[in-house]
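Below, chains carry the letters A, B, ... as their sequence lines are ordered, and counting in each starts from 1.
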2 protein chains.
Amino acid sequence: MSQSCISDLVVSRLPLYLRAMDLMIDKGKKSISSHELGKQLGFSSSQIRKDLSQFGEFGKQGTGYDVGYLSEQLRRILNVNHIWDVALVGFGNLGQAVASYSGFIHRGFRIVALYENDPEKVGSKIGDLVIQDISEMVEDIRHRKIKIAMLAVPTSEAQNTAKTLIQAGVRAILSYAPITIAVPNYVRIEYIDPVSRLQQMTYYLE
Amino acid sequence: MSQSCISDLVVSRLPLYLRAMDLMIDKGKKSISSHELGKQLGFSSSQIRKDLSQFGEFGKQGTGYDVGYLSEQLRRILNVNHIWDVALVGFGNLGQAVASYSGFIHRGFRIVALYENDPEKVGSKIGDLVIQDISEMVEDIRHRKIKIAMLAVPTSEAQNTAKTLIQAGVRAILSYAPITIAVPNYVRIEYIDPVSRLQQMTYYLE
DNA sequence: TAGATTGTTAATCGATTAACAATC
DNA sequence: TAGATTGTTAATCGATTAACAATC
C-alpha cells in the first residue's frame, strides 16, 4: 500500500491528532472516542475515523481509542518517533525567537545548527550552539546529513538560500519568509506567514 | 450577494495573491496573466481566475490583470485597505519576537498594546509601547475597541486568555499556542504551529 | 447482555480543472 | 486584424458525512 494515495489534507490533520493525544496524556485520560476528539478539535467524528482508518485499525468498538497507543502510532506514521536534526538559517529577530523556542524537542525536532550572514553575530554562542558563517553552511549540512531547515532570512534572500539548502541535501524547508519559493518536487516546503492568517480573518470582520 | 457563499479556502488564497501583487509592484511589473501568477504560486490559472471572479471582473482579455489595480481591490476585499489595531498578549520569548517583527505595518496591522503577567516585565517600554499588566487588559481593549489579538501566552493559559479577550470584544485571534481553542462562532481564530508543519513534512521524509 | 463506538460503504457535497465564447 | 487571455460553464475529481453492520 503506497503512501502516495493519502491526501496531504489528511496528513495535515495528523499532527493535530497527535497534539490532542499528548494533551490527553498530560491530563491522565486513558481513552477517547472519535466523537469526543472531534468535538475538541472541531472536526466531525466521521472524519477522524476515516482519517485514522487510512493507516490501520487503532480503535476498539465500545471504548474508542487508547490515548497512549494512538499517540505512539501517530508518531510512527509521522516519522517523529525519533528526533530530527534541524538547521536554522538567519539569526535576526525572528531567527533568535525560533532558536529560543522550547517547544520543538518534545515534539520531534532539535535545532543543531545556526547560520547567519552578519559577521558581528558569527561566532557567538547560543546555549551549546555556535552561530556559523553562512559560507560554511553547504559543507556543514552535507557532512552532518541534515535534512530539515527552517528559513528565517530576509525575503529578498529566501529563494536563493532555499536553493543552496537543497543543494546541500535538505529535503524539507519551513519558511518564515512571506513569499512563495520554487522548489523541486522531491523537496517539501511549508510556510509560516502570520500576516496572511490575519488578513484571512479581517475578510470576515466588520 | 452574500459573502457567506465564499469558501474559506478561497479566502485563504487571497492574501497570497495580494502578497504576489505587492512583490510585482516592487519589481516594477505592471500586469500579469493568471497563467504567470499561477506558475509563480503553484496554482492553476483556472483556479486563480475562478477565485478572483467571485469578487468581480478585475482582468482584461489579452493582457491579464493590472497589478496595481488588483492589489488595491484585494486590499479592499480583505479589509486591509486601512490599518488594524492589534493587541499582543504574552511577552515571553515568542511575544517579544512577534512584537519586534516589522512585517505587520505595511500589510495592514499595527500592534498597539502589550499585555503580560510577569510583574518584572510590566511597565517596561518597547518602542512607544508600555507593557501593561494583564489585569488591565479587558478594560483597555474594550475602551480602545480593539478587535484583533495575537495570543503568545503559555499553552496552559491559552483557552482562558482567549475567553477573556472575547469578553473584551476581540473578534479575531491569532494563536501561537499549540492547542485547539474553543470560541463562539462569531469569533475567528487561526493558529500558528510550526511544529505541526514540520511533522506534516516528516511524514514524507525517508 | 445492552450500550457504545468502531471501520467502512455509499451518498452527498464541494472544489478544481478543462474548455471555450467573448473580447481586449 | 490576429494573438492572447479573460470570465464562466460543465465535467471531473476529491473530500466529507451519514448510516450501519460488526464487535468490544
Side-chain angles (χ1 to χ4, degrees), chain A residues 1-17 20-21 24 29-74 77 180 200 203, chain B residues 1-17 20-21 24 29-74 77 180 200 203:
Chain A
M1 170 178 48
S2 162
Q3 287 195 334
S4 65
C5 57
I6 285 164
S7 150
D8 193 53
L9 266 172
V10 174
V11 176
S12 74
R13 286 190 291 263
L14 299 181
L16 309 187
Y17 300 155
M21 287 309 107
M24 293 298 104
K29 202 161 161 45
K30 295 292 186 223
S31 72
I32 193 168
S33 69
S34 59
H35 181 80
E36 197 181 346
L37 182 57
K39 205 173 163 189
Q40 198 168 107
L41 296 177
F43 300 142
S44 73
S45 60
S46 289
Q47 178 159 79
I48 288 170
R49 293 198 303 278
K50 191 89 194 289
D51 283 353
L52 294 176
S53 73
Q54 314 247 353
F55 303 96
E57 306 192 355
F58 305 120
K60 273 205 184 74
Q61 288 99 326
T63 59
Y65 299 90
D66 180 277
V67 166
Y69 180 67
L70 184 53
S71 165
E72 201 175 276
Q73 291 303 306
L74 286 167
I77 293 163
T180 300
Q200 191 181 341
Y203 172 82
Chain B
M1 169 179 49
S2 161
Q3 287 196 334
S4 65
C5 58
I6 285 164
S7 150
D8 193 53
L9 266 172
V10 174
V11 176
S12 73
R13 287 190 290 264
L14 300 181
L16 308 186
Y17 300 155
M21 286 310 107
M24 294 296 103
K29 201 162 163 44
K30 297 290 184 223
S31 73
I32 192 168
S33 69
S34 58
H35 181 78
E36 196 180 347
L37 182 56
K39 205 174 164 189
Q40 198 170 108
L41 296 177
F43 300 142
S44 73
S45 61
S46 288
Q47 179 158 79
I48 288 171
R49 293 199 303 279
K50 191 87 195 289
D51 283 353
L52 294 176
S53 73
Q54 313 247 351
F55 303 97
E57 306 193 354
F58 306 120
K60 272 205 185 75
Q61 287 100 326
T63 58
Y65 298 90
D66 180 277
V67 166
Y69 179 67
L70 184 54
S71 165
E72 201 175 275
Q73 291 303 307
L74 285 167
I77 293 163
T180 300
Q200 192 180 341
Y203 172 82

Could you let me know what dA21(D) is paired to, Watson-Crick or G-U wobble, both distances under 3.5 Å, or none if it's on its own? dT6(C)

What is the minimum heavy-atom distance between Gln200(A) and Pro15(B), and which atoms define it? N-CG, 4.1 Å

Given that Gln61(A) and Ser53(A) both sit by DNA chain C, which one's nearest nucleotide is further toward the 5' end? Gln61(A)

Just to be sure I understand the geometry, which residues of residues 41-52 of chain B put a non-hydrogen atom under 4.0 Å away from DNA chain D? Arg49(B), Lys50(B)

Supply the atom-to-atom distance Gln54(B) CD to Ser7(B) OG, rounded to the nearest 0.5 angstrom. 8.0 Å

Quick one: does Met21(A)'s side chain get under 4.5 Å of Tyr69(A)'s, heavy atoms only? no

Evaluate whether atom NZ of Lys29(A) has more than 12 neighbouring non-hydrogen atoms of other residues, nucleotides or ligands under 6.0 angstrom away. yes

Could you tell me if the side chain of Tyr203(B) sits less than 4.5 Å from the side chain of Val10(A), heavy atoms only? no

When you match Gly62(A) and Thr63(B) each to their closest nucleotide on DNA chain D, which lands nearer the 5' end? Thr63(B)

One should read off an interatomic distance between Glu36(A) CD and Ile48(A) CD1, to the nearest 0.5 angstrom, of 10.5 Å

Interatomic spacing from CG in Leu70(A) to CG in Leu37(A) - rounded to 0.5 Å: 8.0 Å

Across all strands shown, which nucleotide pairs with dA15(C) by Watson-Crick or G-U wobble geometry, both distances under 3.5 Å? dT12(D)

Using a cut-off of strictly less than 4.0 Å between a heavy atom of the residue and any atom of DNA chain C, enumerate the qualifying residues of residues 31-39 of chain A by number. Ser33(A), Ser34(A)

Looking at side-chain heavy atoms only, is the closest gap between Phe55(B) and Ile6(B) below 4.5 Å? yes

Are any non-hydrogen side-chain atoms of Leu52(A) and Leu74(A) less than 4.5 angstrom apart? yes

Can you tell me how far the OG atom of Ser44(A) sits from the NE2 atom of His35(A), to the nearest 0.5 Å? 11.0 Å

With a 4.0 angstrom cut-off to heavy atoms of chain A, pull out the first and last contacting nucleotide of DNA chain C, in 5'-to-3' order. dA4(C) to dT9(C)

